[in-house]
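One structure below.
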Amino acid sequence: MRILAIETSCDETAIAIVEAAGDERAAQFTVLGNALLSQIDVHREYGGVFPALAKREHAKNLVPILEAALEEAELLHEDTQALPEAMHEKISEILAREPGLAEAFFEFVSECEPAPIDAIAVTAGPGLEPALWVGINFAKALALLWEKPIVAVNHMEGHIFAALAKEVSYDTANTPLIPTRFNLVIEDVEMPVLALLISGGHTELVVIKKWLEYELLGQTRDDAVGEAFDKVARMLSLPYPGGPEISRLAESLRFSLGGETAKYSLPRPMSGDATCDFSFAGLKTAALYLLKNNPEMSETEKKHVALEFENAVADVLSKKTARALEKTRAKTLALGGGVSANKHIRRTFTEKIKNEHLDVTLRIPSAALTTDNAVMIALAGFYRALRGDFSEPDALAANGNRTLAP
Ligand code: KG4
Ligand code: ZN
């Protein structure tokens with residue numbers, strides 16, 4: 001099954017074309033095309049993602065990104081297509097609220113053959129609603145024109161599948177994988193799976209006992225981890241997105257300090273309580289006061305703040321996850337979401353699982369699939385398509401607060 005996946009929930013416009021085979025127990029994927037345009041430079045001057053701007057950028061970028069993905073997949077074939085008047089009208093209606101998108105769409109589709117794909121997967125939420133709508137309406141227009149079914153995917157579900165997928169660089173015997181392409185497999189996943197999802201908008205622990213069934217075990221009561229990283233970075237006058245910036249400062253100091261600890265100490269909110277919930281607002285505020293009380297901090301002292309902040313986050317995340325592992329007796333721990341790109345967090349979990357949870361397998365997304373992308377939407381979309389879980393286009397709507405658990 002060949003899936004075209006669209007992701008526009010935040011500040012990345014992404015389209016992937018993935019060839020998928022197998023079943024829930026063992027699935028193989030070849031990424032034929034993977035085009036992504038980050039809007040970070042556009043949002044940086046606002047210090048964060050500005051929804052109206054994100055929507056405008058997605059509308060501007062979707063057609064070029066589709067073209068790039070199809071081209072990379074070698075599925076772009078020029079042809080002249082005359083669109084029946086009724087079809088033109090319907091698509092104009094679907095794209096009426098996305099400035100400039102209809103014009104670019106018609107120009108593109110009138111010059112190429114319908115893409116040889118089997119289904120369109122699209123992120124339906126959670127995320128920024130105006131941004132999600134652009135992707136959804138684009139998916140609806142393509143689905144109508146090419147007569148393909150639509151699969152609605154939860155963005156966080158995408159992050160879980162990205163974590164479960166393993167990159168394979170060799171041509172496995174008896175699989176349809178293509179050796180020269182980016183290949184992934186999802187196999188030998190032992191249930192229950194505990195997923196720790198850490199991103200710009202979410203921090204949650206989710207249990208999966210059966211494929212596509214999610215149970216929320218705990219979540220943040222205030223800020224998401226990524227949000228805390230971004231806010232503390234701003235306090236340190238670092239550019240958006242702050243996660244990688246803090247990580248860079250912390251790593252450089254950690255390396256030069258050897259085993260020594262940071263100069264300051266910050267709290268580990270809720271790390272000792274019995275729930276699987278998180279709180280990061282207090283940690284963020286403590287960092288704010290630390291900086292306010294020391295206005296003349298040197299660059300090295302600021303690195304100490306970054307280091308201690310990162311240590312505090314990794315501590316809280318690993319303690320809470322250890323508790324959740326005990327509670328659920330999970331066999332697999334999946335770490336997903338943009339913050340799982342953090343080197344220190346990856347290291348902390350790798351060590352912890354190796355030393356303290358011998359019966360648990362840790363799954364972390366490969367670097368290319370850690371932050372937002374469309375490949376992860378294709379992976380989750382395949383599992384949904386296998387069950388025939390397609391959406392009625394008229395009923396498909398963006399939901400900024402879409403949850404995993406029913
Ligand atoms: O999953 P993602 O790409 O988008 C959302 O779904 O939110 O996550 C973005 C978040 C941002 O807050 C960003 O600062 C954070 O992930 N992030 C990191 C790192 N790379 C990205 N946080 C800490 N360390 C990193 N290396
Ligand atoms: Zn994300």
Side-chain angles (χ1 to χ4, degrees), residues 5-14 16 36-40 43-44 46-49 51 54 58 123-129 131-132 135 153-163 195-204 206 219-220 223-236 238-252 254 280 283-284 287 306-307 309-314 316-317 334-349 364-377 379-380 400-404:
I6 304 169
E7 155 64 39
T8 64
S9 70
C10 191
D11 58 351
E12 322 277 342
T13 314
L36 184 145
L37 206 83
S38 168
Q39 303 174 7
I40 283 175
H43 296 288
R44 189 166 277 144
Y46 300 90
V49 182
H58 288 309
T123 306
L128 302 170
E129 238 162 67
L132 289 163
V153 173
N154 181 300
H155 179 82
M156 303 316 289
E157 180 174 54
H159 278 304
I160 295 173
F161 277 88
L196 172 65
L197 300 173
I198 43 179
S199 71
H202 290 79
T203 304
E204 48 194 36
V206 175
Q219 62 184 324
T220 183
D223 291 356
V225 200
E227 190 182 352
F229 263 101
D230 294 340
K231 286 179 178 165
V232 171
R234 189 142 31 139
M235 294 171 199
L236 290 165
L238 298 167
Y240 174 83
E245 299 288 330
I246 295 220
S247 172
R248 193 172 47 79
L249 292 191
E251 280 289 300
S252 69
R254 192 176 280 117
F280 292 99
L283 171 60
K284 174 193 71 186
L307 176 65
F309 172 77
E310 199 180 65
N311 285 341
V313 168
V316 172
L317 291 177
L335 206 59
V339 182
S340 68
N342 184 279
K343 280 191 190 140
H344 181 60
I345 293 172
R346 286 171 96 103
R347 234 176 3 233
T348 304
F349 276 90
I364 312 184
S366 70
L369 301 186
T370 307
T371 50
D372 290 350
N373 64 85
V375 174
M376 68 184 198
I377 303 305
L379 304 184
N401 299 315
R402 193 180 169 105
T403 52
L404 275 172

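Everything quoted here is computed from the prediction, not taken from an experiment. Whatever order the structure lists ligands and atoms in, that order sets their numbers, starting from 1.
In this structure, NE2 of H155 and NE2 of H159 enclose an angle of 90° at the Zn ion (ligand 2), rounded to 10°.
Distances between N or O atoms of P241 and those of ligand 1 include no value under 3.5 Å. The shortest N/O to N/O separation between F229 and ligand 1 does not fall below 3.5 Å. The shortest N/O to N/O separation between N342 and ligand 1 falls below 3.5 Å. For a threshold of 3.5 Å applied to N or O pairs, the pair formed by D372 and ligand 1 contains at least one separation below that value. For the pair G337 and ligand 1, the shortest N or O to N or O distance does not fall below 3.5 Å.
Near G200, meaning under 4.0 Å from any of its heavy atoms, are these atoms of ligand 1: 5 (C), 7 (O), 8 (O), 9 (C), 10 (C), 12 (O). Proximity to G201 (heavy-atom distance under 4.0 Å) selects the following atoms of ligand 1: 7 (O). Atom numbering of ligand 1 starts at 1 in the shown order; those under 4.0 Å from a heavy atom of H155 are 6 (O). For ligand 1, the atoms lying closer than 4.0 Å to a non-hydrogen atom of H159 are 1 (O), 6 (O).
Distances from the Zn ion (ligand 2) to the N/O/S atoms of D372 are shortest for OD1.
What sits closest to atom 8 (O) of ligand 1 on the protein, heavy atoms only, is G338 CA, 3.3 Å. The protein heavy atom nearest to atom 13 (C) of ligand 1 is D230 OD1, 3.8 Å.
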